[in-house]
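Once you've had a glance at the structure underneath, I'll fire off some questions.
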Amino acid sequence: MNDTNTGTPTDEAPAAALRVLVVDDHPMWREAVARDLSAAGYDVVATAGDGPEAVRRARATSPNVVILDLNLPKLPGVEVARELVRLDRAVRILVLSASGEQEDVLEAVKAGATGYLVKSASREELVDAVRRTAVGDPVFTPGLAGLVLGEFRRMATDPPRRDAAGGPTAPRLTDRETEVLRMVAKGLSYKQIAERLFLSHRTVQNHVQNTLNKLQLHNRVELVRYAIEKGLDD
């Protein structure tokens with residue numbers, strides 16, 4: 001991906017402002033998803049049928065959201081996700097897979113996926129998931145979100161991360177950033193956080209982005225894990 005990416009659109013942005021790349025090795029399914037998203041007003045900038053092609057197309061088109069199958073030829077979807085996030089930290093990845101297995105879900109999230117839908121999802125669910133993914137909301141097929149949060153809580157028992165000097169990492173967050181982070185850890189959406197704190201949606205997004213930058217994290221899923229590690233979901 002290149003530096004022409006104008007950033008992640010907000011929820012106020014029209015669908016046409018969202019650039020989407022669809023990646024799936026089944027041509028009929030891939031084109032059907034692309035048609036559905038185009039019909040909903042999204043700008044489907046490209047499609048790809050295998051892993052290396054997905055990376056090339058992403059570099060060339062700088063999508064905001066990548067709809068990604070996991071079972072891809074030449075390069076697995078998890079590796080594609082990892083590479084796309086490495087190339088562009090702002091990209092959002094929504095996995096759309098036939099598998100709802102715990103191992104597949106967790107590997108995708110660890111690789112940088114923001115959300116995970118199984119292919120039995122309806123057209124309406126997919127269209128809405130793309131919109132929510134674009135603004136950073138973690139979107140999961142019902143039942144999978146709890147699985148991911150449970151895994152993060154289990155991993156929170158791991159030894160704390162340490163800085164280069166060997167001491168615990170202690171980023172300086174403002175009181176408001178900590179308050180927003182606590183609500184993110186509880187699974188609240190940006191809209192719900194804004195309503196509870198009497199803030200605008202944009203202000204909440206700014207707090208989350210500032211926190212991501214301070215903690216050197218890539219996306220909201222990683223932010224949830226960090227918050228749980230710190231016990232902020234209590």
Side-chain angles (χ1 to χ4, degrees), residues 7-13 17-18 64-65 81 85 89-95 102 105-106 108-117 121 124-161 163 168-234:
T8 302
T10 69
D11 63 338
E12 292 88 1
L18 300 181
N64 303 116
V65 179
V85 170
R89 293 180 59 175
V91 71
R92 307 297 188 191
I93 298 173
L94 175 64
V95 170
Q102 174 175 335
V105 178
L106 295 177
V109 170
K110 291 173 185 176
T114 305
Y116 194 111
L117 291 184
E124 291 73 20
E125 288 173 327
L126 174 60
V127 168
D128 181 62
V130 172
R131 177 187 61 79
R132 292 173 58 199
T133 297
V135 298
D137 277 348
V139 182
F140 293 91
T141 291
L144 298 185
L147 182 156
V148 173
L149 288 174
E151 176 67 5
F152 284 172
R153 290 190 176 98
R154 184 191 67 77
M155 295 173 67
T157 60
D158 292 345
R161 291 178 297 174
D163 59 23
T169 303
R172 292 177 178 270
L173 300 181
T174 66
D175 290 343
R176 178 64 86 184
E177 287 168 349
T178 301
E179 189 174 22
V180 170
L181 180 56
R182 188 181 300 277
M183 293 187 177
V184 167
K186 294 179 179 178
L188 274 65
S189 68
Y190 290 157
K191 180 179 180 181
Q192 291 171 319
I193 295 172
E195 290 173 349
R196 293 196 181 193
L197 298 181
F198 303 101
L199 300 172
S200 70
H201 187 285
R202 180 68 63 83
T203 299
V204 172
Q205 280 187 307
N206 288 340
H207 283 310
V208 171
Q209 189 58 53
N210 289 339
T211 303
L212 285 170
N213 291 339
K214 287 182 179 181
L215 300 177
Q216 298 183 9
L217 301 176
H218 296 110
N219 54 49
R220 179 167 166 165
V221 175
E222 292 184 1
L223 192 62
V224 170
R225 177 181 172 182
Y226 174 87
I228 289 173
E229 288 177 346
K230 299 302 181 182
L232 296 178
D233 60 324
D234 294 337

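Quick caveat, the model's predicted, so the values are computed rather than measured.
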What's the shortest heavy-atom distance between Met183 and Leu197, and which atoms?
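Closest approach of Met183 to Leu197: CE-CD2, 3.5 Å.
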Which is it for Val127 and Glu124 under the side chain to side chain contact (heavy atoms under 4.5 Å, CB included) test, yes or no, and what are the steps along the way?
CA-CA 5 Å; Val127 168; Glu124 291 73 20; 5.8 Å; no
Working to the nearest 0.5 angstrom, can you tell me the gap between Glu125 CD and Arg132 CZ?
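Rounded to the nearest 0.5 Å, the CD-CZ separation comes out at 10.5 Å.
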Assess whether a salt bridge exists between Arg176 and Glu179, defined as any Lys/Arg side-chain N lying under 4.0 Å from an Asp/Glu carboxylate O.
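Result for this pair is yes, salt bridge flagged.
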Considering all heavy atoms, the nearest Val180-Ile193 contact
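That closest heavy-atom pairing would be O-CD1, 4.2 Å.
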Passes side chain to side chain contact (heavy atoms under 4.5 Å, CB included), Thr114 versus Val65? Steps please.
CA-CA 10 Å; Thr114 305; Val65 179; over 6 Å; no
What heavy-atom pair brings Ala129 and Val139 nearest, and what distance separates the two atoms?
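Result for this residue pair: CB-CG1, 3.7 Å.
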For Val204 versus Tyr190, what's the shortest heavy-atom pair and its separation?
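Closest pair (atom of Val204, atom of Tyr190, distance): CG1-CD2, 3.9 Å.
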Rounded at 0.5 Å granularity, tell me how far CG in Leu94 sits from CG in Leu117.
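Atom-to-atom, Leu94:CG and Leu117:CG are 5.0 Å apart.
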About how many Å separate CG of Asp137 and CD of Gln192, when rounded to the nearest 0.5 Å?
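Nearest 0.5 Å value for the CD-CG distance: 8.5 Å.
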Where do Val95 and Ala108 come nearest, in terms of heavy atoms and distance?
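What the structure gives for the nearest pair is CG2-CB, 3.9 Å.
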Interatomic spacing from CG in Leu181 to OG1 in Thr174 - rounded to 0.5 Å
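It is 10.5 Å, given to the nearest 0.5 Å.
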Apply side chain to side chain contact (heavy atoms under 4.5 Å, CB included) to Glu195 and list each qualifying residue two or more places apart in sequence or on a separate chain.
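With sequence neighbours excluded, Glu195 shows a side chain to side chain contact (heavy atoms under 4.5 Å, CB included) to Lys191, given in chain and number order.
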Looking at residues at least two apart in the chain, or sitting in another chain, which of them share a side chain to side chain donor-acceptor pair (under 3.5 Å) with Asn206?
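Checked Asn206 against side chain to side chain donor-acceptor pair (under 3.5 Å); zero matches.
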